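Letters A, B, ... mirror the listed sequences (proteins, then strands); counts begin at 1. The shown structure was predicted, so the numbers you read here are calculated from the model rather than taken from an experiment.
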Amino acid sequence: MIDIKEIRKNPQKFKRACKDKGFAVDIDRLLKMDKALRDLKKLLQDNATYENMLQKEIPALSGKERESKLETLSNLKRDDVEWKKNIKELQPQFDALMLQVPQPADDDVPLGKDDTENVEIRKEGQIRKFDFEPKDHVQLGTDLGIIDIERGVKLAGTRNYLLRGDGALLHWAVLRFAMDFMVGRGYVPLSVPVLVRDEAMVGTGFFPGSEDQTYRMEKDELSFAGTAEVPLTAYRMGEILKGEELPLKYVGLSSCFRREAGAAGKDTYGLYRIHQFDKVEQVVICENSSQESRKYHEEILANSEGVMQALELPYRVANVCTGDLGRGQAKKFDIEAWMPSRDGYCETHSASKLYEFQARRMNLRYKDAATKKNLFCHTLNNTVIASPRVLIPILELYQNADGSVTIPKVLRPYMNGKEKITAGT
RNA sequence: GGAGCGGUGGCCGAGCGGCUUAAGGCGACGGUCUUGAAAACCGUUGUGCCGGAAGGCACCGGGGGUUCGAAUCCCUCCCGCUCCGCCA
């Protein structure tokens with residue numbers, strides 16, 4: 001959520017943010033409602049001052065004087081009722097609109113309409129040239145008996161799958177490696193709920209807006225988080241943290257659930273776009289300072305690059321353009337791994353910087369030591385590793401001419417030292 | 001699923017119709033003392049909104065009601081806890 005004062009000060013900035021990011025929010029209407037609400041509250045406040053005065057006098061009075069003051073009081077209250085009614089009608093509309101105002105993108109974010117206009121910052125690693133006809137991950141996985149999509153669909157419908165044998169072990173190896181990597185960098189590991197209250201979904205900015213992408217337990221009014229960003233970021237919501245606690249650095253492993261509504265027919269092949277997967281996620285909660293935010297944005301990006309480099313996967317980093325930014329994101333780096341079967345770099349990580357957008361929604365503050373003020377924290381998040389999506393480049397890039405797959409060195413300790421996945425194991 | 005209990009400031013906790021801008025404690029901050037620290041003692045210390053300021057207004061889980069007046073009484077919703085039952 002944006003500070004209404006900022007919107008009053010510079011409506012143009014937010015109108016442009018709506019345009020650049022592709023969100024339709026009527027800023028003029030918002031400001032009109034703001035003005036109306038403020039006027040009403042001012043009237044109500046002035047009346048209250050009067051009423052409080054009268055109320056102090058009345059108990060000491062009697063007879064005519066008392067009667068007359070009581071009447072004045074009741075006249076004042078008649079106006080109150082009317083104004084309160086108006087506020088009650090306006091306020092929820094205003095609040096709903098406030099939740100929709102997007103965060104303006106940073107100045108160094110490229111202008112663009114969608115992910116095709118993201119700007120490559122750099123490439124790392126070499127794309128492998130095959131001297132044989134390579135298989136895609138589905139073919140490899142099926143031949144090796146480690147991926148079973150057909151029966152996944154039988155069990156749970158489209159976009160579902162099973163991992164088996166070394167496939168399952170490889171999946172967990174990747175996750176465990178990523179978790180250990182982050183713990184090694186000082187992040188606090190958390191095992192978290194994935195079925196969360198609306199406050200957490202609204203607080204992180206997924207609601208309103210992404211209800212269609214979310215599985216929901218209607219009876220219990222709980223939603224399955226599509227990422228551990230939700231529980232990790234909302235973990236401390238409503239709290240006033242001590243300044244010296246910051247930055248908070250969390251890493252969590254969770255299953256992630258996404259309905260992928262509206263994506264029918266898109267990325268239907270293989271393990272790229274699926275309803276359920278596992279992900280190690282990192283979240284940083286820091287002081288209200290754009291320098292700090294910038295610093296940790298780079299840190300969480302470097303963490304994930306470290307994981308990709310350890311896995312020896314070629315990737316590139318993109319500066320995500322305005323049209324591909326979420327409502328709350330001021331800037332985002334995507335890491336895209338090379339995927340031979342898709343003949344391109346495809347998103348495996350997404351590092352977001354949100355300033356106080358989420359913290360304001362979830363009332364997450366800290367006591368600033370210098371000013372003694374309660375300030376909203378800044379929040380950031382990034383994928384550490386998401387599997388099985390990352391198994392696509394791993395399987396495809398590490399495949400051998402004989403159909404076996406070499407296991408990346410850093411994962412071998414998590415697979416009993418095994419070096420290769422071969423058929424029938 | 002059954003039965004109870006409770007939600008008060010950064011935290012704990014008293015208050016149960018006007019004296020509450022919420023007792024008391026803890027914590028934090030400042031000071032005295034000390035070579036330094038601890039202890040002790042003294043003092044300060046909620047949030048948000050309106051206003052140039054003086055000041056005003058609101059807030060004791062949310063909403064509504066009773067009353068001249070509500071943290072305190074009533075209704076309702078939300079959240080939490082305890083005990084019993086079932087169970088990974």
Side-chain angles (χ1 to χ4, degrees), chain A residues 1-9 30-96 98-99 191-203 207 216-223 231 234-246 248 254-255 285 287-288 356 359-377:
Chain A
M1 193 161 59
I2 305 297
D3 187 349
I4 183 64
K5 289 180 195 153
E6 293 297 317
I7 305 175
R8 282 179 202 144
K9 234 190 288 175
L30 179 76
L31 286 172
K32 250 171 91 178
M33 291 201 299
D34 176 47
K35 177 78 168 73
L37 277 168
R38 270 153 61 95
D39 289 347
L40 284 167
K41 285 173 184 173
K42 177 76 177 144
L43 287 170
L44 217 44
Q45 182 184 322
D46 291 345
N47 252 17
T49 308
Y50 236 136
E51 288 162 14
N52 288 344
M53 216 174 72
L54 291 171
Q55 268 155 24
K56 272 184 194 131
E57 295 172 11
I58 287 167
L61 301 175
S62 61
K64 263 184 113 172
E65 228 181 339
R66 183 183 167 100
E67 289 307 309
S68 126
K69 299 251 171 177
L70 279 176
E71 201 190 321
T72 312
L73 189 60
S74 85
N75 286 336
L76 290 171
K77 294 210 160 181
R78 206 159 333 168
D79 290 336
D80 289 352
V81 170
E82 184 65 23
W83 296 331
K84 278 183 184 162
K85 208 184 99 198
N86 292 342
I87 289 175
K88 218 179 134 186
E89 197 186 311
L90 269 176
Q91 192 71 53
Q93 297 177 38
F94 174 79
D95 293 345
M98 279 300 287
L99 287 178
S191 172
V192 294
V194 290
L195 203 48
V196 299
R197 288 215 174 112
D198 288 342
E199 286 92 320
M201 295 302 283
V202 172
F207 289 176
R216 184 171 173 84
M217 304 301 283
E218 204 44 66
K219 270 187 221 163
D220 302 292
E221 298 185 305
L222 296 171
S223 296
Y235 176 37
R236 309 294 295 273
M237 74 179 154
E239 296 188 25
I240 299 177
L241 307 170
K242 295 192 173 89
E244 59 270 25
E245 281 184 84
L246 300 177
L248 297 174
S254 81
S255 290
I285 296 169
E287 284 173 32
N288 191 304
E356 57 177 50
R360 191 173 273 278
R361 286 172 165 245
M362 61 175 82
N363 204 20
L364 172 61
R365 295 171 294 172
Y366 70 100
K367 179 78 76 184
D368 182 59
T371 61
K372 304 262 197 272
K373 286 273 189 192
N374 295 333
L375 302 178
F376 289 108
C377 301

Sequence neighbours left out, what passes side-chain hydrogen bond (donor to acceptor under 3.5 Å, both in side chains) with A/Glu218? Give chain and number order.
A/Arg216
So what does A/Asn52 hit on the nucleic acid, given a heavy-atom distance under 4.0 Å: a base, only sugar-phosphate, or nothing?
sugar-phosphate
Determine all donor-acceptor pairs shorter than 3.5 Å in which one atom belongs to a side chain in residues 77-88 of chain A; sequence neighbours excluded.
unit_1  : atom_1 : unit_2  : atom_2 : d
A/Arg78 : NH2    : A/Asn75 : OD1    : 2.6
A/Asp80 : OD1    : A/Asn47 : ND2    : 2.8

Using Watson-Crick or G-U wobble pairs with both distances under 3.5 Å, give me RNA chain B in dot-bracket, 5' to 3', with [ ] for crossers and | for pairs to another strand.
((((((((.[[[..)..(.....]]]((((((.......))))))(((((....))))).[[[[[..)....]]]]])))))))....
List every contact pair, protein side and nucleotides 62-73 of chain B side both N or O, where the distance is under 3.5 Å.
unit_1 : atom_1 : unit_2  : atom_2 : d
B/G69  : OP1    : A/Lys77 : NZ     : 2.4

Taking the side chain as C-beta and beyond, is there a heavy-atom pair between A/Glu245 and A/Arg236 under 4.5 Å?
yes
Produce the list of close N/O pairs, under 3.5 Å, pairing protein atoms with atoms of nucleotides 43-53 of chain B; give distances to one decimal.
unit_1 : atom_1 : unit_2  : atom_2 : d
B/C49  : OP1    : A/Lys5  : NZ     : 3.4
B/C50  : OP1    : A/Arg38 : NH1    : 2.7
B/C50  : O2'    : A/Lys42 : NZ     : 3.4

Residues which pass side chain to side chain contact (heavy atoms under 4.5 Å, CB included) with A/Ser255, listed by chain and number, not counting sequence neighbours
A/Phe257, A/Gln276, A/Asp278
Starting at CG of A/Leu54 and ending at P of B/C57, how long is that distance when rounded to a whole Å?
12 Å
Please state how far atom CG in A/Leu43 lies from atom C1' in B/A58, giving the value in whole angstrom units.
16 Å
First of A/Lys242 and A/Leu44 reached from the 5' end of RNA chain B, by closest nucleotide
A/Lys242
Using the test side chain to side chain contact (heavy atoms under 4.5 Å, CB included), find all partners of A/Leu195 that sit at least two apart in sequence or belong to another chain.
A/Met217, A/Leu222, A/Phe224
For atom CG of A/Asp198 and atom P of B/C79, their distance in whole Å
10 Å
Applying side-chain hydrogen bond (donor to acceptor under 3.5 Å, both in side chains), can you list everything that pairs with A/Glu356, at least two apart in sequence or on another chain?
A/Asn288, A/Arg360
In whole Å, measure the gap between the P atoms of B/U67 and B/C50 for me.
33 Å
Rounded at 0.5 Å granularity, tell me how far CG in A/Leu99 sits from CE in A/Met1.
6.5 Å
Taking atom C1' in both B/C60 and B/G48, what distance in whole Å separates the two?
15 Å
List the residues meeting side-chain hydrogen bond (donor to acceptor under 3.5 Å, both in side chains) with A/Gln45, not counting sequence neighbours, and say none if there are none.
none
Please measure how far the P atom in B/U47 lies from the corresponding atom in B/U34, and state the result in whole Å.
35 Å
Rounding to the closest angstrom, what is the interatomic distance between B/G25 and B/G80 at atom P?
33 Å
Sorted by chain and residue number, the ring-ring contact (aromatic ring centres under 6.0 Å, His included) partners of A/Tyr235 (sequence neighbours excluded) come out as A/Tyr250
Minimum heavy-atom separation for A/Ala359 and A/Phe376, please, with both atom names.
O-CD2, 3.7 Å
Nearest-angstrom distance from the residue atom CZ of A/Arg197 to P of B/C78
11 Å
Expressed as a whole number of Å, how far does the P atom of B/A22 sit from that of B/G2?
42 Å
A/Asp368 atom CG is separated from B/C29 atom P, nearest whole Å, by 14 Å
A/Lys41: which residues meet the salt bridge (charged side-chain N to carboxylate O under 4.0 Å, His left out) condition with it, sequence neighbours left out?
none
Could you measure between the two C1' atoms, the one in B/A70 and the one in B/G1, and give it in whole Å?
38 Å
B/G17 and B/U72: how far apart are their C1' atoms, nearest whole angstrom?
6 Å
Can you list everything that forms a side-chain hydrogen bond (donor to acceptor under 3.5 Å, both in side chains) with A/Lys35? Sequence neighbours excluded, please.
A/Asp39
Using the P atoms only, state how far B/G63 lies from B/C79, rounded to an integer number of Å.
16 Å
Whole angstrom value for the distance that separates P of B/G56 from CG of A/Asn47
17 Å
A/Asn363 atom CG is separated from B/G9 atom P, nearest whole Å, by 13 Å
